[in-house]
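Keep in mind that this is a model prediction, so the values were computed, not measured. Both backbone and side-chain heavy atoms feed into the values below; hydrogens, waters and symmetry mates do not. Order of appearance sets the numbers: ligands from 1, and atoms from 1 within every ligand.
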Amino acid sequence: MMKELICDNLSVNERDHLCLGGQDTVLLAERYGTPLYLLDEDRIRLQCRTYRKAMTEAFGEKALPLYASKAASFKQIYRIMWEEGMGVDVVSAGEAYTADSVGFPMERAYFHSNNKTDADISDAISRGIGYLVVDNREELDAIERIAGGQGKVQKILLRLTPGIDPHTYEAVATGNVDSKFGSAIETGQAEEITAYALKLSHIRLAGFHCHVGSQVFDADVFLRSASIMLEFVAHMKKRYGYVAEELDLGGGFGVRYLAEDPVMEIEKNIRIIGNAVRKQCAMLEIDLPAIRMEPGRSIVAEAGMTLYTVGTVKRIPGYKNYVSVDGGMADNPRFALYRSPYTLLLANRTEAADAEEQMRCSVVGRCCESGDILQENVKMPQSVARGDLLAVLTTGAYNYSMSSNYNRIPRPPVVMLAGGESYVAVKRETPEDVCRNDL
Ligand SMILES: *Cc1c(COP(=O)(O)O)cnc(C)c1O
């Protein structure tokens with residue numbers, strides 16, 4: 001087994017083709033064209049079941065995982081989440097609309113964002129969203145006013161920052177005191193906003209939320225944030241007689257982009273967190289709240305792969321080699337944004353990676369932009385040439401959802417793989433689609 005097969009849904013078949021979920025990527029590329037997003041639906045369902053089972057065992061029947069749908073948002077994913085009994089996080093009226101449009105039960109939807117507009121709030125409340133996760137006091141006032149206007153009482157969670165640096169990329173670290181997200185416990189602002197929320201009549205405070213960061217491999221980060229949050233829950237009970245029904249511990253479990261990344265075992269880590277949380281609740285003499293977790297990346301990332309066709313291969317002797325593909329930053333901006341690592345493989349002849357001399361290259365896209373890089377310092381067989389099929393692994397999260405039409409490039413389709421079959425979940429865009437709103 002090649003060490004680059006970093007997830008157990010990857011394999012190589014007898015024709016030396018890379019397979020995802022047991023399906024031949026060369027055949028899929030022939031059938032659907034490139035660039036192509038693939039998503040292994042069986043894997044996505046497995047991740048959902050793993051979270052649900054682990055959370056029920058660790059925290060009891062009231063626990064619920066919420067899929068953080070910004071990781072990959074389109075109609076079919078909400079149908080799958082509904083079927084799997086998950087809740088969902090949405091972060092915009094667009095995501096809320098997408099979920100609602102397929103009949104997702106909106107009482108199980110949580111609306112996030114650090115800056116909800118009046119229009120967002122009004123739209124969410126009239127859709128019957130279960131929860132607004134409130135970032136700050138201005139939002140509380142806006143919800144009080146808008147829910148009042150609709151004659152409703154809106155359930156909310158308050159987003160708090162437990163003051164934890166999850167030792168992760170700064171751009172995705174959100175749990176520290178100086179974050180743009182939430183109210184800090186350390187500065188007293190969390191207590192202030194809680195006291196304020198409890199006085200409002202069109203708001204029902206259901207509990208508290210935190211999310212400390214992303215691509216976290218260390219269970220200790222979750223233990224520390226859970227512990228700080230539980231102390232806060234206990235403090236609110238003592239101080240105001242307020243009993244939080246729900247505690248949302250956020251998302252952030254890491255996934256493997258490279259062979260050297262560790263495996264974050266979902267069951268094991270949730271069990272560890274569950275044991276610590278139960279023990280601390282007993283110590284603090286509070287009831288165990290209904291626990292929520294919000295996995296995004298760890299539900300969909302490893303289910304995903306992007307296929308590209310190789311075009312120009314440029315060698316600049318003494319300097320650099322470039323392998324260009326028929327996609328790039330428009331379908332995956334993550335290297336351009338965060339220098340995110342990825343594993344890249346030749347999908348149509350994987351043996352070349354072992355059999356031949358390798359060259360170092362930058363794999364670049366076709367946008368008119370020097371920063372249009374998918375990955376630098378990639379090892380590719382010397383013989384890589386126009387027409388080869390190149391796979392980027394672990395692209396299920398934050399690729400399609402972050403894609404753009406830069407250079408008026410139509411977005412690739414999303415093809416789902418389920419039970420040995422494949423089907424289109426999002427159609428390939430056409431140039432007409434890209435011009436749809438032009439007058
Ligand atoms: C992005 C986000 C998540 C999901 O994070 P992952 O790293 O994808 O698991 C969960 N909760 C909130 C509030 C988020 O913003």
Where ligand 1 meets [X] - atom numbers and elements under 4.0 angstrom, heavy-atom basis:
X: G296; result: 4 (C), 6 (P), 8 (O), 9 (O)
X: H112; result: 13 (C)
X: A68; result: 3 (C), 4 (C), 10 (C)
X: H209; result: 13 (C)
X: D89; result: 11 (N)
X: R159; result: 13 (C)
X: Y398; result: 1 (C), 4 (C), 5 (O), 6 (P), 8 (O)

Does some non-hydrogen atom of G252 fall short of 4.0 Å from ligand 1?
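Within the 4.0 Å threshold, so yes.
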Within the 3.5 Å criterion, strictly below it, is a donor on D135 or N114 matched to an acceptor on the partner's side chain?
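Not at all, the side chains of D135 and N114 share no donor-acceptor pair under 3.5 Å.
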Any N or O of [X] closer than 3.5 Å to N or O of ligand 1:
X: R297; result: yes
X: F253; result: no
X: K70; result: yes

Look at [atom] and say which protein heavy atom is nearest, naming residue and atom and giving the distance to 0.1 Å.
atom: atom 11 (N) of ligand 1; answer: E294 OE1, 2.6 Å
atom: atom 5 (O) of ligand 1; answer: H211 CE1, 3.5 Å
atom: atom 7 (O) of ligand 1; answer: S214 OG, 2.2 Å

Ion pair check, [X] and [Y], cut-off under 4.0 Å:
X: R49; Y: E84; result: yes
X: D8; Y: R43; result: yes
X: D123; Y: R127; result: yes
X: E302; Y: R297; result: no
X: K53; Y: E57; result: yes

Supply the atom-to-atom distance S73 OG to M402 CE, rounded to the nearest 0.5 angstrom.
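S73 atom OG to M402 atom CE measures 13.0 Å (nearest 0.5 Å).
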Heavy atoms only, cut-off 4.0 Å: how does V133 contact ligand 1, side chain, backbone, both, or neither?
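Within the 4.0 Å criterion, V133 makes no contact with ligand 1.
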Are side-chain heavy atoms of R145 and H202 found at a separation under 4.5 Å?
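When only atoms from C-beta onward are counted, H202 and R145 do not touch, as no gap falls below 4.5 Å.
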Counting C-beta onward and ignoring hydrogens, is there a side-chain heavy-atom pair between E294 and Y67 closer than 4.5 Å?
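Result no, sub-4.5 Å side-chain heavy-atom pair not found.
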Using ring centroids (six-membered ring only for Trp), state whether F253 and F222 fall under 6.0 Å.
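For F222 and F253, the ring centres are under 6.0 Å apart.
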